[in-house]
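Note that these values count all heavy atoms, side chains included, but never hydrogens, waters or copies made by symmetry. Each chain gets a letter, A, B and so on, in the order the sequences are listed, and its residues count up from 1.
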Protein chains: 2
Amino acid sequence: MRIGELSTKTGVSVRALRYYEEQGLLAAERSESGQRHYGDKAVDRVRLIQQLYAAGISSASIREMLPCVVTGVASPQVLAKLRGHRSSVVKQIEDLQDTLRQLDSVLAGAVKSHESGVPCAPD
Amino acid sequence: MRIGELSTKTGVSVRALRYYEEQGLLAAERSESGQRHYGDKAVDRVRLIQQLYAAGISSASIREMLPCVVTGVASPQVLAKLRGHRSSVVKQIEDLQDTLRQLDSVLAGAVKSHESGVPCAPD
DNA sequence: CCTACCTCTGACGTCAACGTCAGGTTTCTA
DNA sequence: TAGAAACCTGACGTTGACGTCAGAGGTAGG
């Protein structure tokens, strides 16, 4: 498939896909004329990349760990980094769960207070 | 306390604290000479701000919701936004848990493979 | 009173992950 | 075989949350 199709299939912009290639995260075959062509596995790879980005992992780190994620084989150094990212992700989850509790307590309290007719400024 | 102390107590840079004030997130008394002075509650407020930032909430949204989080009272509009942020946080958590599973499966497989002596490139 | 450190207000710099535009080539469709 | 649509390579623009620097004034200890 060409870049446009990969873009619609993944929901990731064409620009972003080119950026991933620029960063060494996503390789592409090139046709005679220079157009990018991707296999079906590219869809999963793009989703994986997005997932790692969402976990706050940088391009450089992703570049390091991607081949290992794909092959399932890693050197001790990469393994250590993976563990580091893992604990970072765990911490992010915990922090977000804290935030969730905060929001929930506000929502619970706010509904009550609003029922009793003391609204906060809308703006 | 002055800004430096608040900075060390919270681990947030002096620049960031000034930025929070600029964004209307953190008020400060001013001494005659114009220096900022904070009460003890500022520490918690700064932590709360950081928590909301970590949840991917923008300065503008935080500014809207902060008084309501503090007073526990919100208008219907703000309430709706809070619910929106809540579900966004829930989704973030779910995504991160997915990522965690990915990382774990990689780590499990990688360790095995490494034991069998086929390491991936460290660089 | 001196000195070392803290704080102030601008104002420009940074960084990552793209967005967007220009100007040109390639591919599909009628 | 048009011409629209998709693609290409630069290259500059954007955004948010600060970093950093300059130049000037405030403050606490000896």
### Message
Could you check whether any side-chain heavy atom of B:L100 comes within less than 4.5 Å of a side-chain heavy atom of B:D104, counting everything from C-beta outward?
### Response
yes
### Task
Take nucleotides 21-29 of chain D nucleotide by nucleotide from the 5' end and write B, S or -, depending on whether a protein heavy atom sits under 4.0 Å from the base, only from the sugar-phosphate, or from neither.
-----SS--
## Note on the structure
To the nearest 0.5 Å, atom OG1 of A:T99 lies from atom CD1 of B:I57 at 7.0 Å
### Query
Thinking salt bridges, do A:D98 and A:R101 make one under a 4.0 Å N-O criterion?
yes
### Query
Just to confirm, is there a sub-4.0 Å distance from OP1 or OP2 of C:dA16 to any side-chain nitrogen or oxygen of A:S59?
no
### Any B:L17 side-chain heavy atom under 4.5 Å of B:S7 side chain
yes
### Query
How long is the span from the OG1 atom in B:T8 to the CD1 atom in B:I3, to the nearest 0.5 Å?
11.0 Å
### Query
If you measure from CG on A:L96 to NZ on B:K91, what distance do you get to the nearest 0.5 Å?
12.5 Å
### Query
Is there a residue in residues 14-26 of chain A whose heavy atoms reach under 4.0 Å of DNA chain D, and which residues are they?
A:R15, A:R18
### Query
For A:I3 and C:dT25, what is the distance between atoms CD1 and P respectively, to the nearest whole Å?
20 Å
### Task
Can you run down the ring-ring contact (aromatic ring centres under 6.0 Å, His included) pairs that involve residues 58-79 of chain A, sequence neighbours left out, and say none if there aren't any?
none
#### Entry: Residue whose nearest DNA chain C nucleotide is more 5′ - A:A60 or B:Y38
B:Y38
### Query
Listed in order of residue number, which residues of residues 45-52 of chain B have a non-hydrogen atom at under 4.0 Å from DNA chain C?
none
## Note on the structure
A:E5 atom CD is separated from C:dT27 atom C1', nearest whole Å, by 14 Å
### Message
Based on the rotation axes of five pairs at each end, what angle does the helix from C:dC1-D:dG30 to C:dA30-D:dT1 bend through, to 10°?
### Response
20°
### Query
Within the structure, does a side-chain N or O atom of A:R36 lie under 4.0 Å from either OP1 or OP2 of C:dT26?
no
### Task
Give a yes/no on whether any side-chain N or O of A:S13 is located under 4.0 angstrom from OP1 or OP2 of C:dG19.
yes
### Task
Could you check if a side-chain atom of B:D95 sits within less than 4.5 angstrom of a side-chain atom of A:Q51, using non-hydrogen atoms only?
no
### Message
Does this structure show an ion pair linking A:E21 with A:R36, if we count only N-O contacts that are shorter than 4.0 Å?
### Response
yes
### Message
With ring-ring contact (aromatic ring centres under 6.0 Å, His included) as the rule and sequence neighbours excluded, what pairs involving residues 38-92 of chain A come up?
### Response
A:Y20-A:Y53
### Query
Would one find more than 12 heavy atoms of other residues, nucleotides or ligands at under 6.0 Å from atom CD of B:E22?
yes
